[in-house]
Amino acid sequence: MIIKNKFADSMGAFRVTKVRNQAISEASDSPLLEDEVTLKARKLHQGSLPTTVCDVEEMCAGVKRFTFQFSFIPYFTPGQYLSLRLKIGDSIVSRPYSICSSRSLAKEQHQLQIIVKKADGGFVSSYLVDRLSIGDHVEIEYGLGEFTIDRFRDKPKILAIAGGVGITPFLSMAKSLQESNPHGIEMTILYGCQKESEIVAKKELDALNHDHVRVIYVLADEPSWTGEHGFISTEIIQKYAPKEPYSVFFCGPTAMKYFVIKELSKLKYDIRKIRMESFGGIDISKDTRYPKDLLDKYYKLTIHRGMETLTVDAFVQEPIAVALERAGIKIHTRCRGGVCGICRIKVISGNVYVPEENDGRRDADKKLGYVHCCHAYPMSDLEIKIPIE
Amino acid sequence: MPTAPFKSKYDVIVIGASLAGLSCALELKKHGYDVLVLEQHNLPGGVATSFVRGGVEIEASLHEMIGVGSDLHPLRVRRYFEKLGAKIDWVRIPYCYRFVSGDIDVRIRAGHDGDYSAPSLDIANACGDPDGKLFQKLMDFFALCHKVYQSANSVNTGGKINKLSLYFKHHDFVTVAGYSTKEVFEAFKFPQKVIDILSAYWIYMASPIDELPFTLYGYMIADYFGYGPYIPAHTSHDMAANLEAAAEKQGIQVEFCQKVDKIVVNNCKVQGVRLASGQEIAADFVVSGAYPNTVYSSMIEPKSEVPPIANKTVRAMEVSVSVFSVILLLDASADELGITDYATFYATDGMDTSAIFARGRTDGDWDYITSVCPNVIHKNASPEGTCLYSITYLPGPDAFEDIDLEHYQEYKGRHVADFLDKESKRLGVNLEDHILEIVVETPLTVSHYTGAYHGAIYGYRNMMNNHAVARTLTKGKEYFIDGLAFAGAHQICGDGMAPAFDNGLLGAQDVMAMDAKRKGAKR
């Protein structure tokens, strides 16, 4: 094969070496610069950072709003959550909370807000509501999760269904829409609570209740209420849902989630399209797939962390992440629901129960014995490998 | 029982548990080195990874790969995993691609086990070949590509090369070494339409055909057209996770969530690394997955240890492209949506690769779109009644430099809208009506997850003045800091998931070459 001529063809390797050497000799030897793209990515995803509590406000009984001061703009998309990292006694814990504040508060004041309801027996929520005060320092990772309005996926009409403190992401969305709404989104919020006194941020919601945002309170247990009563049923949804095609977002307790899914499927709504965020955790003792004879047992966790080996006890009804946190062993978690995968660890030996719902593991990880430790329960003594912190 | 997480010293520290990093670590372990792999992310693989959305595992980056081959004629990546004892479920893609540009709309079949007649026939038929001469010419062209392929493989795995043996044993390889892809196309006197169709894969090398060394292009298409493209059924994370598992089984310490901040150097010799946590770990050698740009600009400690020649060499090379990808989970099957092809290359404004490339370096029009629908070849890629669809362009490293974070969402949105519009029109389906999940990857995404310089996924641009052959011939002279080697797309074999394994091997060879030199000096 001849490309140009025999001589030129035979000298190719020589030619390309020569031009490369020449390019190097002609290049500047001044120090190389860090690149703009990486610096921007770092500004966008700052990781876990120290913040200061700059405001605490009691919203209603056992419910408080906390404002965290950052030293830069904490970029986030309304609907996203943040993860608090705390040292409580000997435990090192992290917990996710939806951001409830607006974009402009982040942009102008460098602040983010969350609303926390003290849960029965809630280790972290009790600490936050009872103890966390102005001036305290908290480590925060923010801008997490995909519970956000996407202008390509979602219809311009949004039906938001909230239960209890599940209103928080919608509060952020509604406030941010009021500030800027380039794609003309209209949001109808069906907000379910037991009593009027439990409505979180009612004044703010009422103030938002015009133009692009509409709030309908649905109270289950308030006889004197003149508005909607009962649960957020097919009838209520039909009455208030937009006439045009709409997208459904749900945030509330797990039990309410199943109810709402059932009601929406009666309306022939494609339930694959519901964006859902729920809280309240999982009770594996109620999981029919879980072997009942294992309940209430404790197993031994042997933990490899780099060259170190540690051992702790683990209660079968609690995910491995909780056993680690109780023992003061740092483990990075975010969603606490099995989905995000940040707490991926390797199970070297032993049996683990992973609830099927929200098992966000990759195929290869299932095959090779990895679990997301916020969503994995010990069923025997275990040997695991966790990242060094 | 040890109470510190790390040993006080390792023979080699590999930065990054990428395919290249892990295969480098495995190679070094095989030669008796004690290896520590440090990965900043919580997953192995670098860009060879996946994510889960809406309960569906979705490939993050891989469209198709070379180096797999059939069960009967396994190529090096398939053999590599077989040797590791890892079972990867490979799926063959029967067509190399569908190519759409102006009045051209063709599907080109992939050949089997080194037989090029199917693709030659498809290209010849698409361009008109009444006397069969074009078919024969295409067969000759692919035969040349295959020669280059075989020579490059033997050079790569054979270790030492010298110019004489190259000339006699690998004549065709030498012949084309000095020419661009375009020059070789012209030597075959192919009609423009054939050149356009043959150029479709240019985006996988991300250099216009008049700048792209034919050696590399010929190598790639010899494999794709002759043996067929493949993907792992369970995404590229399956490769990464299996490599990690194999590495640990061999006794390599692999640690996640460990960001290396500094490579400590003293008197031109590597001493070890310092982690973001402040901890220092000593090592005789460091293999960096981070780009040389990042290493020399911000990792070498102290900065005064960066030799000026390293800066010159890095500056003489151009950082290659990054990625902008819109990844969709759609609410209907590929059949229902009328999606018939796994991979489509769509040149929306002609096939002048120089012009396309130039526009891709700006925030302007990106008019070479690759779309991929894995469900076409792999029914279980997503649940029944859904399909995955991705739309990708590889913009130049400059395209994202000037955006401000304030307007990042709008910037992304503009390109997403453009991609969805172009693809919806081509498919005759309004994609926006079918989206269950949408994920947009940008250079910032890549930089965030992998730390890659500029979010670049392809290493240094393949150009005639940065030719892999030249880099191979001069590599011994480019050990600027004793003990520092590289394993990633910035290594000589460049971008792609199969070349990643070769890049790992090259990094390991560099370590061993430096080690031999040290031992020789001691004697």
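Below, chain A is the first sequence line, B the second, and so on; all start at residue 1.
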Point to revise | Segment of B/N466 engaging chain A (4.5 angstrom heavy-atom cut-off) | key: both
Review point. Taking all non-hydrogen atoms of both residues, which atom of A/T38 and which atom of B/A452 are closest, and how far apart?
Key: OG1-O, 3.7 Å
Check your understanding: Quick one: does B/D238's side chain get under 4.5 Å of A/D363's, heavy atoms only?
Key -> no
Practice item. Could you walk me through whether B/T474 and A/R20 pass the side-chain contact (heavy atoms from CB on, under 4.5 Å) test, one step at a time? Key: CA-CA 10 Å; B/T474 58; A/R20 181 160 191 273; 3.5 Å; yes
Check your understanding: Hey, is A/K107 close enough to B/E406 for a salt bridge, meaning N to O under 4.0 Å?
Key -> yes
Check your understanding: So is A/R15 actually on top of B/Y179's ring, under 6.0 Å and inside 45° of the axis?
Key -> yes
Check your understanding: Ion pair present between B/E183 and A/K4, side-chain N to carboxylate O less than 4.0 angstrom?
Key -> yes
Exercise for review: Check each atom of A/K346 against the heavy atoms of chain B and say whether the ones under 4.5 Å are side chain, backbone, both or neither.
Suggested key: side chain
Point to revise | For B/L405 against A/K40, the heavy-atom pair lying closest together | key: CD1-O, 3.8 Å
Revision key, fill the gap. Interatomic distance, CG@A/L44 vs CG@B/L444, rounded to 0.5 Å, equals 6.0 Å
Practice item. Would you check if B/M464 and A/V16 make a side-chain contact, meaning some heavy-atom pair closer than 4.5 Å? Key: yes
Check your understanding: Charged N to carboxylate O under 4.0 angstrom, B/K7 versus A/E308?
Key -> no
Exercise for review: Could you tell me which non-hydrogen atom of A/S28 sits nearest to which non-hydrogen atom of B/R315, and how far apart they are?
Suggested key: O-CD, 3.1 Å
Point to revise | For the student: nearest non-hydrogen atoms of B/S297 and A/L32, plus distance | key: CB-O, 3.2 Å
Review point. Where the side chain of B/K312 meets the backbone of A/A27, is there a donor-acceptor pair that is under 3.5 Å apart?
Key: yes
Review point. Do the side chain of A/D9 and the main chain of B/T175 share a donor and acceptor less than 3.5 angstrom apart?
Key: no
Point to revise | Residues A/R344 and B/E244 bridged, charged N to O under 4.0 Å | key: yes
**Study point:** Positive for side chain to side chain contact (heavy atoms under 4.5 Å, CB included) with B/E437, one of A/R275, A/R272, A/E146
**Key:** A/R275
Review point. With the threshold set at 4.0 Å, does a side-chain nitrogen-carboxylate oxygen contact exist between A/K385 and B/E248?
Key: yes
Review point. Just by modelled atom types, is the B/S50 backbone N or O under 3.5 Å from a matching donor or acceptor in the A/R362 side chain?
Key: yes
Practice item. Select, from B/V469, B/I438, B/N293, the one with the greatest count of heavy-atom pairs under 4.5 Å involving chain A. Key: B/I438
Point to revise | Validation row: B/Q409, A/T77 side chains within 4.5 angstrom (heavy atoms) | key: yes
